[in-house]
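Beneath this line is the structure, given in structure tokens, with notes to follow.
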Protein chains: 2
Amino acid sequence: MISKRLSELRKKRQWSLQYIADQLNIAKSTYAGYESGYRQPSLEAVKELATLFGTTTDYLLGVTNDEQPTIELTNAAFHMTVDGEPLTEDEIIQLIAFIRTKRELEKHKK
Amino acid sequence: MISKRLSELRKKRQWSLQYIADQLNIAKSTYAGYESGYRQPSLEAVKELATLFGTTTDYLLGVTNDEQPTIELTNAAFHMTVDGEPLTEDEIIQLIAFIRTKRELEKHKK
DNA sequence: AAAATTGTTCGCGATTCGCGTACCTTTAAT
DNA sequence: ATTAAAGGTACGCGAATCGCGAACAATTTT
């Protein structure tokens with residue numbers, strides 16, 4: 001799974017194997033091994049690759065299929081901030097209501 | 001890092017080494033090695049551990065420090081949904097404005 | 001078409017894995 | 001209090017896997 005993800009991400013960015021190897025300070029053949037599935041990257045390498053590609057380790061490992069995670073706001077199983085300030089329970093509720101109301105209005109406009 | 005995280009999460013849940021070992025189908029000593037730092041789990045094991053603990057691999061690996069990720073809404077580097085429907089760019093902008101305005105009003109109320 | 005860059009594969013030595021085992025500590029049962 | 005059971009820690013062993021360098025093919029650049 002990770003080999004597929006790495007290969008996709010690298011090609012999308014048009015980066016060479018050598019470039020990535022240089023960024024992580026590993027041999028080209030080592031990184032090539034990750035993509036071919038011949039080798040598995042260390043946990044440390046996985047972290048660095050996620051950072052380099054601007055994605056999450058969950059995506060690289062295939063825990064999730066979203067390169068940028070998708071968040072369902074009605075499941076408050078996570079924390080949100082605006083301008084660094086955490087949202088309160090109430091604010092989240094109002095926010096969801098705001099979106100729902102707006103959508104309801106749009107629907108009738110048609 | 002991962003050893004520290006695993007240890008914390010397990011203790012918080014009051015699970016035994018054996019219990020986790022059974023869940024992942026590995027030897028108790030193998031999992032114990034993860035917590036002591038004597039061994040590193042395979043990528044597959046990391047995935048399963050994240051699922052078992054209901055957290056993310058990013059947290060286990062120390063990419064993030066939030067067991068439940070914190071999302072800054074003004075960085076739209078991710079996707080959001082309400083009732084399964086993705087939010088549009090505009091909706092996000094309005095939503096942030098909504099929160100900011102509300103906070104501004106609160107401030108003056110005091 | 002020659003040179004340079006990129007990508008693929010593989011053998012080697014070194015490292016690290018997972019397991020079983022042994023042992024100590026803590027908890028539960030009698 | 002004594003014993004049994006369960007939880008936790010440490011380590012040796014054989015097997016598996018790592019990272020690297022090297023050799024070579026494929027592609028791109030000059």
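On a predicted model such as this, the values are computed, not experimentally measured, just so you know. Chain letters run A, B, ... following the sequence lines, proteins first and then strands; every chain starts at 1.
- When each of A:Ala32 and B:Asn25 is assigned the nucleotide of DNA chain C with its nearest heavy atom, A:Ala32 is the one assigned upstream, toward the 5' end.
- Side-chain proximity of A:Tyr38 to the nucleotides D:dC20, D:dG12, C:dC10 is greatest for C:dC10.
- The nucleotide whose nearest atom lies closest to any side-chain atom of B:Gln18 is, among C:dG18, D:dG7, C:dC19, D:dG7.
- Of the side-chain N and O atoms in A:Ser36, none sit less than 4.0 angstrom from OP1 or OP2 of C:dT8.
- Rounded to a whole Å, the CD atom of A:Gln40 is 6 Å from the P atom of D:dC18.
- Summarising the geometry, the separation between OH on B:Tyr31 and C1' on D:dC11 is reported as 20 Å, rounded to the nearest angstrom.
- Residue-level contact check: A:Tyr34 touches the backbone only, with heavy atoms under 4.0 Å from sugar-phosphate atoms and none from bases.
- B:Thr51 and B:Lys47 form no side-chain donor-acceptor contact under 3.5 Å, judged by distance and modelled atom types alone.
- In this entry the distance linking NZ of A:Lys28 with C1' of C:dA4 reads 12 Å, nearest Å.
- Comparing A:Arg39 and A:Glu35, the nucleotide of DNA chain C nearest to each residue sits closer to the 5' end for A:Glu35.
- B:Ile20 has its CD1 atom 12 Å from the C1' atom of D:dG7, to the nearest Å.
- Following rounding to the nearest Å, A:Lys11 (NZ) and C:dT8 (C1') show an atom-to-atom distance of 12 Å.
- Nucleotide D:dG21 holds its P atom 12 Å from the CD1 atom of A:Ile26, rounded to whole Å.
- Side-chain contact, A:Asp58 with A:Thr64: no donor N or O sits under 3.5 Å from an acceptor N or O.
- Using a cutoff of 4.0 Å between basic side-chain nitrogens and carboxylate oxygens, B:Glu91 and A:Arg103 are scored as salt-bridged.
- Nearest to the side-chain atoms of A:Ser29 among the listed nucleotides C:dT8, C:dT9, D:dG19 stands C:dT9.
- Between the CD atom of B:Gln14 and the P atom of C:dT26 there is a distance of 17 Å, rounded to whole Å.
- In this entry the distance linking CZ of A:Arg13 with C1' of C:dT6 reads 19 Å, nearest Å.
- In this structure a side-chain-to-backbone donor-acceptor pair under 3.5 Å is present from B:Arg13 to B:Phe53.
- Counting only heavy atoms from C-beta on, B:Ser16 has its side chain closest to D:dG7 among C:dG18, D:dG7, D:dC20.
- Checking B:Asp22 against B:Gln18 by side-chain atom types alone, a donor-acceptor pair falls below 3.5 Å.
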